[in-house]
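Keep in mind that the numbers below use all heavy atoms, side chains included, and drop hydrogens, waters and symmetry copies. Below, chain A is the first sequence line, B the second, and so on; all start at residue 1.
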Amino acid sequence: MAKRLTRAFFGRSVLEVAPDLIGATLLFNGVGGRIVEVEAYHHSEPAAHSFGGPTPRNAVMFGPPGYAYVYRSYGIHWCLNFVCEPEGSAAAVLIRALEPAAGIAAMRRRRGMPQGAFDERALCSGPGKLCEALAVTDRHNGLPLDRAPFELRARDGNADVVRGVRIGITKAVEKPWRYGLKGSRFLSRPFTTSRSFS
DNA sequence: TGCCCGATTAACT
DNA sequence: GTTAATCGGGCAA
């Protein structure tokens with residue numbers, strides 16, 4: 001069984017943690033799969049919610065690493081982040097896509113999709129979709145990642161990780177802080193101007 | 001208090 | 001390719 005991800009794993013630079021999460025396994029109440037796409041955010045750059053300093057919404061980002069930061073997006077969706085770096089850095093990794101592996105029937109039900117055979121790419125190929133499929137909401141904001149209902153396992157060995165610019169932002173658009181599993185069919189969108197590294 | 005806008009998605013043309 | 005849905009945070013007044 002792969003190693004559980006600890007507080008120490010998250011307490012490093014968000015630019016180290018983000019690629020290391022590619023290929024890791026995320027389960028929430030036993031439902032989830034392999035992480036195939038993430039983005040890094042840091043309070044020093046204006047695309048981050050924490051850029052303007054602490055507020056009630058982003059308070060968890062300013063706390064210690066290894067906790068979940070959940071926020072509402074566009075008034076409709078929830079998005080799940082993992083807080084990283086030493087306390088006060090206000091850095092986090094946005095979980096953008098999973099390769100479904102466990103609890104697929106529950107995911108289909110929550111996503112309003114038929115139970116029969118069909119393309120599982122629609123279940124978790126985006127941050128809002130993923131939270132709907134796993135039933136993550138603001139009730140889970142601030143929960144630790146090393147205990148139930150979360151279960152996080154390190155990947156086995158290396159992964160072929162690609163990198164590119166982040167999606168859906170208007171500030172600091174040039175930073176290549178989006179990371180994905182090369183060749184995965186489960187990305188929210190393909191990587192174009194990416195380069196490969198190990 | 002009022003107004004603007006977003007780390008999105010699905011359903012269009 | 002475009003756009004509506006939907007609502008809380010953040011800031012100006």
Answer yes or no: side-chain N or O of Tyr74(A) and base N or O of dA5(C) forming a donor-acceptor pair under 3.5 Å.
no

Does one side chain, of Arg34(A) or Thr25(A), offer a donor that lies under 3.5 Å from an acceptor on the other?
no

For residues Phe28(A) and His140(A), establish whether the separation of their ring centroids is below 6.0 Å.
yes

Criterion side-chain contact (heavy atoms from CB on, under 4.5 Å) on Ile95(A) and Glu39(A), from CA distance to verdict
CA-CA 7 Å; Ile95(A) 309 303; Glu39(A) 286 176 357; over 6 Å; no

What integer distance in Å separates [X]:[atom1] from [N]:[atom2]?
X         : N       : atom1 : atom2 : answer
Leu123(A) : dA10(B) : CG    : P     : 11 Å
His77(A)  : dG8(C)  : NE2   : P     : 15 Å
Arg72(A)  : dG10(C) : CZ    : C1'   : 17 Å
Trp78(A)  : dG9(C)  : CH2   : C1'   : 13 Å
Tyr71(A)  : dT8(B)  : OH    : C1'   : 9 Å
Glu132(A) : dT6(C)  : CD    : P     : 14 Å
Arg121(A) : dT9(B)  : CZ    : C1'   : 17 Å
Leu94(A)  : dA7(B)  : CG    : C1'   : 5 Å

Using the [atom1] atom on both, measure [N] against [M] and round to a whole Å.
N       : M       : atom1 : result
dA7(B)  : dG1(C)  : C1'   : 23 Å
dC5(B)  : dA13(C) : P     : 15 Å
dC12(B) : dT6(C)  : P     : 15 Å

Side chain of [X]: nearest nucleotide among [options]?
X        : options                 : answer
His49(A) : dA7(B), dG9(C), dT8(B)  : dA7(B)
Pro56(A) : dG10(C), dA7(B), dT9(B) : dG10(C)
Ile76(A) : dA10(B), dG9(C), dA5(C) : dA5(C)
Ser73(A) : dA7(B), dG9(C), dT8(B)  : dT8(B)

Please classify the nucleic acid contact of Arg166(A) as base, sugar-phosphate, or nothing, using heavy-atom distances under 4.0 Å.
nothing

If you look at every strand shown and take non-hydrogen atoms under 4.0 Å, does Arg111(A) touch a base, only sugar-phosphate, or nothing?
sugar-phosphate

Does Asn81(A) reach the side chain of Tyr71(A), with side-chain heavy atoms less than 4.5 Å apart?
yes

Should dC11(C) form a Watson-Crick or G-U wobble pair with both distances under 3.5 Å, which nucleotide is its partner?
dG2(B)

Is Lys171(A) close enough to dG6(B) that one of its side-chain N or O atoms is under 4.0 Å from OP1 or OP2 there?
no

Do Tyr179(A) and Ile169(A) sit in one hydrophobic cluster, given that two such residues count as connected whenever their side-chain heavy atoms are within less than 4.5 Å of each other, even indirectly?
no

